[in-house]
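Below is one structure, written out as structure tokens, with a few remarks after it.
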Protein chains: 2
Amino acid sequence: MRRTRFDRWPCPIARTTDLVGDWWTPLVMREAFAGRRRFEDFQRALKVPRAVLARRLDRLVDEGLLKKVSYEEHPPRYEYRLTDKGRAFWDVLAAMWRWGSDWLWGKNGPPVILVDNETGREVRPLVVDENTGIRLTGRRLHIGRKQDVRPPS
Amino acid sequence: MRRTRFDRWPCPIARTTDLVGDWWTPLVMREAFAGRRRFEDFQRALKVPRAVLARRLDRLVDEGLLKKVSYEEHPPRYEYRLTDKGRAFWDVLAAMWRWGSDWLWGKNGPPVILVDNETGREVRPLVVDENTGIRLTGRRLHIGRKQDVRPPS
DNA sequence: CTCCTAAGTTCATCTACCGAACTACATAGT
DNA sequence: ACTATGTAGTTCGGTAGATGAACTTAGGAG
């Protein structure tokens, strides 16, 4: 039996889970943000089984997070580059980064941090409400049907 | 062969992937935030295979995102409640929500939205830098070793 | 002619997910 | 006493997907 698919469920978390729930996929995206583009780069960096990597890259291209770009004619070779949709996915990785840093390490935290290229300072991702700038908490929120909510101002 | 584990990798994204990469797990957490506490509640809401749900709940308890609380003595019954660590995980789901809403639907967006319990308004999660309040983008960042970065101010 | 790189594919093995059925324990009804 | 219902799982046969290793295809370098 096929693993239950969430990609047509009417919930953004479910559909996103269908992607990040594929083993290795968030790490492939992490490597894409780290500048990797070629099959062998991804494979060497992650030690991911080659068959799995091929399937993940294919899917990420299908879903539009990566695009396949030719970089050589003879023999034909392609590399994988982030699209706008793929770059937007950074937010999800950043939230995972922050939560993992805060909760999956001992008191010293992880040995790596996110650094701003321009200022050289550490960056700490935080999830806020776009309108109010206030930090989100699950307790203050619920999931509602769109038509039940009054439009913003 | 066991599926490659990421939970000891020295990267917060990898360790978090080890959790969210378990099929169904983000949806179980979504339901926890929606107020579900009991096995049957989760099972009915998600239609998840019971054996899988049992394993996911066990793992989430092991990892400290949920805690098992007795609510009845005869017969012994337990419910699953969010811990602080579990509540903090909301940020990850919120980022998934936002990206899924923005990129996995047609022009009308998903039929559901996040609503603030107090104001009744829609909430749109956004990932920013905690220090500067500026929206994050993957392009401006890199991953660095902690000791290479000058401390903040 | 042999070795090397790149980007995969193929293969056998094993894990984990699938739906359905079953168990265990208590209560309520007839 | 027997049956039905509710809750929280466990067990089971079948199958999709992950794993590591070897293989393929195409070209370039020594």
Side-chain angles (χ1 to χ4, degrees), chain A residues 1-9 14 17-29 31-32 35-63 66-81, chain B residues 1-9 14 17-29 31-32 35-63 66-81:
Chain A
M1 270 138 240
R2 193 160 55 240
R3 199 165 50 170
T4 306
R5 285 277 142 200
F6 310 132
D7 57 350
R8 294 295 155 198
W9 287 28
T17 297
D18 199 86
L19 258 177
V20 303
D22 273 342
W23 210 245
W24 291 101
T25 289
L27 296 174
V28 171
M29 290 301 290
E31 291 304 315
R36 317 242 183 241
R37 295 181 168 183
R38 299 187 185 173
F39 190 93
E40 296 293 327
D41 292 337
F42 288 103
Q43 204 282 322
R44 273 193 294 266
L46 293 172
K47 311 281 191 247
V48 48
R50 308 174 72 79
V52 173
L53 178 57
R55 273 223 296 287
R56 294 298 181 270
L57 290 171
D58 277 353
R59 173 143 196 232
L60 288 167
V61 169
D62 278 357
E63 302 275 356
L66 301 176
K67 64 188 166 204
K68 215 168 172 174
V69 177
S70 167
Y71 72 89
E72 183 181 288
E73 296 286 331
H74 296 290
R77 294 276 186 256
Y78 298 88
E79 59 184 19
Y80 298 89
R81 294 200 199 160
Chain B
M1 282 133 242
R2 181 131 99 249
R3 195 167 55 170
T4 307
R5 285 278 143 197
F6 310 132
D7 56 350
R8 294 295 154 198
W9 287 28
T17 296
D18 200 84
L19 259 176
V20 303
D22 273 341
W23 210 243
W24 291 100
T25 289
L27 296 173
V28 171
M29 290 301 290
E31 291 304 316
R36 316 240 184 242
R37 295 181 167 181
R38 299 188 184 174
F39 190 93
E40 296 293 327
D41 292 337
F42 288 105
Q43 204 281 323
R44 274 193 293 266
L46 292 172
K47 312 281 189 243
V48 49
R50 307 174 73 80
V52 173
L53 178 58
R55 273 226 297 288
R56 295 298 181 270
L57 290 171
D58 278 353
R59 173 142 197 234
L60 288 168
V61 170
D62 279 355
E63 301 275 355
L66 301 177
K67 64 187 167 206
K68 217 167 170 174
V69 178
S70 168
Y71 71 90
E72 183 182 287
E73 297 285 331
H74 296 289
R77 293 279 185 254
Y78 299 89
E79 59 183 18
Y80 299 89
R81 293 201 200 160

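The basis for the numbers below is simple: all heavy atoms, side chains too, and nothing from hydrogens, waters or symmetry mates. Here is how names work: the chains are called A, B, and so on, in the same order as the sequence lines, proteins then strands, and each is numbered from 1.
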Round to the nearest Å and state the distance from [X] atom [atom1] to [N] atom [atom2].
X	N	atom1	atom2	result
A:Tyr78	D:dA26	OH	P	14 Å
B:Gln43	C:dA20	CD	C1'	12 Å
B:Glu72	C:dC25	CD	C1'	10 Å
A:Asp22	D:dG17	CG	C1'	10 Å
A:Arg56	D:dT19	CZ	C1'	12 Å
A:Leu53	C:dT9	CG	C1'	13 Å
B:Arg37	D:dA8	CZ	P	13 Å
B:Asp58	D:dG9	CG	P	8 Å

Determine, for B:Tyr71 and B:Arg38, whether the Lys NZ or Arg CZ falls below 6.0 Å from the six-membered ring centre while staying within 45 degrees of the axis. yes
With nearest nucleotide decided by heavy atoms, which residue, B:Leu57 or B:Arg5, maps closer to the 5′ end of DNA chain D?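 The answer here is B:Leu57.
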Tell me which of B:Arg3 and B:Glu79 sits closer to the 5' end of DNA chain D, going by the nucleotide each one is nearest to. B:Glu79
Does [N] have its OP1 or OP2 closer than 4.0 Å to a side-chain nitrogen or oxygen of [X]?
X	N	answer
A:Trp24	D:dT19	yes
B:Arg38	D:dG6	no
B:Tyr80	D:dG9	yes
A:Lys68	C:dG8	yes
A:Thr4	C:dC17	no

Over all strands shown, is [X] touching base, sugar-phosphate only, or nothing at heavy-atom distances under 4.0 angstrom?
X	result
B:Val52	sugar-phosphate
A:Lys47	nothing
B:Phe42	nothing

Between C:dC17, C:dA6, D:dA8, spot the one nearest the side chain of B:Trp23, thanks. C:dC17
Of the candidate nucleotides D:dG27, D:dG17, C:dC17, which contains the atom at the shortest distance from the side chain of A:Arg55?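 Closest nucleotide to the A:Arg55 side chain: D:dG17.
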If you find the nucleotide of DNA chain C closest to A:Arg50 and the one closest to B:Pro49, which residue's nucleotide is nearer the 5' end? A:Arg50
Earlier contact from the 5' end, DNA chain C, for A:Arg44 and A:Met1: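 By nearest-heavy-atom nucleotide position, the 5'-most residue is A:Arg44.
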Pair A:Arg50 + A:Glu40: basic N to acidic O under 4.0 Å: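 Salt bridge: yes.
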Looking at C:dA6, does its base get a donor-acceptor pair with the side chain of A:Arg77 below 3.5 Å? yes
Please report the closest heavy-atom contact between A:Tyr78 and A:Lys68, naming both atoms and the distance.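 Closest heavy-atom pair between A:Tyr78 and A:Lys68: CB-CG, 3.6 Å.
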Taking B:Trp24 for the side chain and B:Pro49 for the main chain, is one N or O donor matched with an acceptor at less than 3.5 Å? no
Reported CZ-to-CG distance for the pair A:Phe39 and A:Leu53, which is rounded to 0.5 angstrom: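 Those atoms lie 4.0 Å apart.
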Run the side chain to side chain contact (heavy atoms under 4.5 Å, CB included) test on B:Leu60 and B:Tyr80 for me, step by step, so that the C-alpha distance in whole Å, both residues' side-chain angles and the decisive distance to 0.1 Å come before the verdict. CA-CA 9 Å; B:Leu60 288 168; B:Tyr80 299 89; over 6 Å; no
